[in-house]
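Naming convention: chains lettered A, B, ... in sequence-line order (proteins, then strands); numbering from 1 in each chain.
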Protein chains: 2
Amino acid sequence: MKLEREMMRGAGPTAVMHLLSGDEMYGYEIVERLASQSAGVFEMGQSTLYPMLYNLEGKGLVKSREKKGDNGRKRRYYRLTAKGCRKLEADRKQWTSLIDGLSALGVTRVSNPVSCLS
Amino acid sequence: MKLEREMMRGAGPTAVMHLLSGDEMYGYEIVERLASQSAGVFEMGQSTLYPMLYNLEGKGLVKSREKKGDNGRKRRYYRLTAKGCRKLEADRKQWTSLIDGLSALGVTRVSNPVSCLS
DNA sequence: ACCTTTTGCTATGCCATACATAGTATGCGT
DNA sequence: ACGCATACTATGTATGGCATAGCAAAAGGT
C-alpha cells in the first residue's frame, strides 16, 4: 500500500537516510530499492527523491560524488555523513515515540469498536 | 517525546479524528487530551490545532456546533462525520502499512549496527 | 541503421500545512 | 481590580511532496 503525501513527508527522508546508512547509492537505485524492499510502501517518483536528496545534502546530512557506474554511465552516488547518521538516530527515536503515541491513543488497536454508519 | 513538525503532519489529523471518534469535544479540550493521553507525543499548540480543525471541517470530516459548556462559557464542539469515520479507517490502514514498511526496511529495528563515528 | 525503452539526472512551480505570532473575550480566585 | 486559565480567531512564513518538463546515454529489438 502506497503512502499518502503527508505521511511520506515524515517517513521519506528517514527511509532514504536509513538506506544510505548501509551503502553508498545513487538516486535511481534508491527509488528502486525503497519500493521493492518496503513492498511498495515507500514507492516514490524521481521528482520526489531528487529534490529530497538535494535538500538532505543542503543540510549536510548526505554527501554526493560523481562516479562512473558498472555500466560506464556517470552516476551521482550519495552517502550518509556523520551528521546524517546522528540525525537518523534521532529520527529512529522519533518513530519509536510516534508509534508508542499512536498505540497509547489506541489508533492502531486492531479490534476497534468504531463503526462508520452509512 | 514531542513529535517534530513533519511527523505531526501525517499523524496529527489522524490522532485528532481518532479522539473525536469517541466523543464530541471542543478545541481546548483536544489539545489537553492529546498531550496527556499520548504522554506528550502529540503535544501541539492551539495555533496548530484550530487551523487543523477548520481544515478538517472544510473537507467534511468533522462538523462543529456552538454550545454552552458546563462552566457557562460558549464553546465550539466538534464531532466526527460519517465521511470522517471512513477517512479514519483509511488512515489506520495507512499507519499499519507505514509501520510495516519501516519494519521491513529495518528502520525501527532495536539492535541496529549503525554507529555514528564522531 | 532506426526506434523504443530503460536508465539517470536536473529544473521549475504549485499546493498543503505546521507553527509562530498576535489579538480578543470570558470566568474565577484573591 | 488584577492576574490567570480558559477558549477561539486570524495572518504570515517556511517547508517539502510531487507534477510536469526537459535532456541525455545505454540497451535492445526490428
Could you check whether [X] gets within reach of a base, just the sugar-phosphate, or nothing at all, counting any heavy atom under 4.0 Å?
X        : result
Arg9(A)  : base
Lys59(A) : sugar-phosphate
Arg5(A)  : base
Tyr26(A) : sugar-phosphate

| query | Do the side-chain N or O atoms of Tyr28(B) get closer than 4.0 angstrom to the phosphate oxygens (OP1, OP2) of dC8(D)? | reply | no
| Should Arg73(A) be listed as having a side-chain N or O under 4.0 Å from OP1 or OP2 of dA27(D)? | no
Nearest whole Å is fine: how far is [N] [atom2] from [X] [atom1]?
X        : N       : atom1 : atom2 : answer
Lys74(A) : dC23(D) : NZ    : P     : 15 Å
Tyr54(A) : dC18(D) : OH    : P     : 16 Å
Arg33(B) : dA7(D)  : CZ    : C1'   : 16 Å
Leu98(B) : dG17(D) : CG    : C1'   : 15 Å
Met25(B) : dA7(D)  : CE    : P     : 13 Å
Arg76(A) : dA24(D) : CZ    : C1'   : 16 Å
Lys68(A) : dA25(D) : NZ    : C1'   : 11 Å
Arg75(B) : dC8(D)  : CZ    : P     : 8 Å

| task | Give me the first and last nucleotide of DNA chain C, going 5' to 3', that has any atom under 4.0 Å from a heavy atom of chain B. | result | dA16(C) to dG27(C)
| said: Looking at Tyr26(B), I'd like to know if the NZ or CZ of Arg75(B) sits under 6.0 Å from its six-membered ring centre while staying within 45 degrees of the ring's axis. | reply: yes
| field | Passing candidate, side-chain contact (heavy atoms from CB on, under 4.5 Å) with Val16(B), options Thr14(B), Leu20(B), Leu19(B) | value | Leu20(B)
| field | DNA chain C contacts made by residues 41-52 of chain A, counting heavy atoms under 4.0 Å | value | Gln46(A), Tyr50(A)
| query | Distance-only, no hydrogens or angles: does the Thr48(A) side chain make a donor-acceptor pair with backbone N or O of Met44(A) under 3.5 Å? | reply | no
Between [Y] and [X], does any NZ, NE, NH1 or NH2 come within less than 4.0 Å of an OD or OE carboxylate oxygen?
X        : Y        : value
Glu43(B) : Lys2(B)  : no
Arg76(A) : Glu66(A) : yes
Arg86(A) : Glu89(A) : no
Glu4(B)  : Lys87(A) : yes

| note | For residues 48-69 of chain A, the ring-ring contact (aromatic ring centres under 6.0 Å, His included) pairs (sequence neighbours left out) are none
| said: Contact between Arg79(A) and Arg65(A) at the side-chain level, heavy atoms closer than 4.5 Å - yes or no? | reply: no
